[in-house]
Number of protein chains: 2
Amino acid sequence: MDMLTDADPHAEKGTVTQLRAFLAQSDLSEEGRLPPERELSAALGVSRAELRKALDVLEAEGQIWRHVGKGTFMGSRPLDTFADITALARRSNPAEVMRARIVIEPEIARAAAFTATPADIAEMRLCLARSRQADSWRQYEGWDTRLHRTIAEATQNGLLLGLFDTLNAVRRAVTWGRLRALPVKPAPDHHSFKEHESIVDAIEHRDMAGAANLMRNHLRTVERKLLDKQLRASEES
Amino acid sequence: MDMLTDADPHAEKGTVTQLRAFLAQSDLSEEGRLPPERELSAALGVSRAELRKALDVLEAEGQIWRHVGKGTFMGSRPLDTFADITALARRSNPAEVMRARIVIEPEIARAAAFTATPADIAEMRLCLARSRQADSWRQYEGWDTRLHRTIAEATQNGLLLGLFDTLNAVRRAVTWGRLRALPVKPAPDHHSFKEHESIVDAIEHRDMAGAANLMRNHLRTVERKLLDKQLRASEES
DNA sequence: TTGGATACCAATTTCATTTTGGTTTATATT
DNA sequence: AATATAAACCAAAATGAAATTGGTATCCAA
């Protein structure tokens, strides 16, 4: 510690300026990460405690940000990337999910009617056919989900698709522990079949208003059925 | 392999039915994962190659899906859900963000017109006043963002709010390196002021259609201005 | 009382190992 | 000769132990 001989008596302030100089001349990696505290304190010839005080100052100024286990970085702390599905699901419920779907999905269908490619529509038709052939609810739901997602894909908007996926992930997480009694497979006259087909028809015909309205009505029907099921279940118990 | 003595000559078909029976009687884990091929082939008393042929059939039927390193699962292949803001932002662009806002926010405003509480509306009015008083673009944007978020809050739907926040986070991440030249503060006759006020008015009057239309027009104006700015900037360069 | 060294904690990363579906090759078996 | 089986190998993914890192408490000395 030969540096202590010419150390500034105002130790803190001196360390801050020393640190600033170090950061200015050192070219950090692309991530803007600076050396771990243990190394940096040795390099600057100060104790780790004193270095941390200086880092506290820079952090308060917004020059750096730190995180346990990750390190210390230049710039401002990255955005809270909390598109945390599980957190959203924990605060939500099936009713909210349905309302959100009714708000968003009709407009997605409207946009898709404008931008869908023939390939998109072919995939939608495939989903329709497979959902009719399904011989279990699990399969049916798989193709139903895929149909709705294909419609979102058809908007050609990656962000809209991402939001749809988020909504969908929350839906699955929320509906997760649902009641699965009842028949083993959807009846051939299940309401969704015709509704799905008319939606795809509207999209194919570039009927934006029709696609939106049909999707809205479809989801409202689903919501009603869901509500009926819940009521019946609660009466039985 | 003593089983070879009574093995079906139509080996493939027999294995498929055998496999179907196994899957029907065995209650798989919650994830619907079935045993690894090496175990399953031993359990069924068939070679791994033959088992894989049977699995190929089931996969073609959409009964199962497989992935290297993960395993084999019942149902249809899950969607890859990247709810990561930064990942979303990297694949998106300002134009997509605006289109997504135009798709989603009008419907949020419509829903808010139905569910907003007096407290919500009071907060919207506060945002309006503060945005008018703002003496820097940064401040103005802060209140503008908060106004739009308050409208999303007014839907009383945590999931919708979460989706809005995601959209907003992507917007900030995408617009991050934008050109910020131009005047120091919004002009008193900035178009957004009147548009914002009419939106809040519509929400207060429970005018759902009006709220949606006004929000849509507002965002379209913003989109147009943004486009003009980009054009001018590209001409200068 | 203050500052520095040390030890410890929990979040995170890193790295080697294992597991898994997919593919190739050699070896029987008919 | 043709086919099927077993074994080996590959790359993607999961797993788990160990190391790293910012944060905190403790002890010691000046």
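Protein chains get the first letters and strands the later ones, always in sequence-line order, with residue 1 at the start of each. Just so we're clear, the structure is a prediction, and the values are computed from it rather than from any experiment.
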Output yes when at least one side-chain N/O atom of [X] is less than 4.0 Å from OP1 or OP2 of [N], else no.
X	N	value
B:R52	C:dG21	no
B:R66	C:dT20	no
A:R33	D:dT21	yes
A:T72	D:dG22	yes

Whole angstrom is fine here: how far is it from [atom1] in [X] over to [atom2] in [N]?
X	N	atom1	atom2	result
B:R38	D:dA6	CZ	C1'	12 Å
A:L44	C:dG4	CG	C1'	16 Å
A:K53	D:dT24	NZ	P	15 Å
A:L55	D:dG23	CG	P	8 Å
A:L40	D:dG23	CG	P	13 Å
A:L51	D:dG22	CG	P	9 Å
B:E37	D:dA12	CD	C1'	14 Å
B:E39	C:dT18	CD	P	17 Å

Under 3.5 Å: donor-acceptor pair, side chain of [X], backbone of [Y]:
X	Y	result
A:Q18	A:L44	yes
A:R52	A:S47	no
A:T115	A:A154	yes

Quick one: sort the A:H148 and A:H218 rings into parallel, tilted or perpendicular, breaks at 30° and 60°.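 A:H148 vs A:H218 ring planes: parallel.
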Answer yes when B:E37 and B:R66 have at least one side-chain N-carboxylate O distance shorter than 4.0 Å, and no when they do not.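 Counted as a salt bridge, because a side-chain N and a carboxylate O are separated by less than 4.0 Å.
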Could you please name the option among [options] that lies closest to any side-chain atom of [X]?
X	options	value
A:E50	C:dG4, C:dG21, D:dG22	C:dG4
B:H67	D:dG22, D:dA13, C:dG22	D:dA13
B:P36	C:dG3, C:dT20, D:dG22	C:dT20
A:K70	C:dT13, C:dA10, C:dT23	C:dT13
A:S47	D:dG22, C:dT20, C:dG4	C:dG4

Distance-only donor-acceptor test, A:R48 side-chain atoms vs D:dG23 base atoms, 3.5 Å: yes
Taking for each residue the nucleotide of DNA chain D bearing the nearest heavy atom, is the 5' side occupied by A:E59 or by B:G69? B:G69
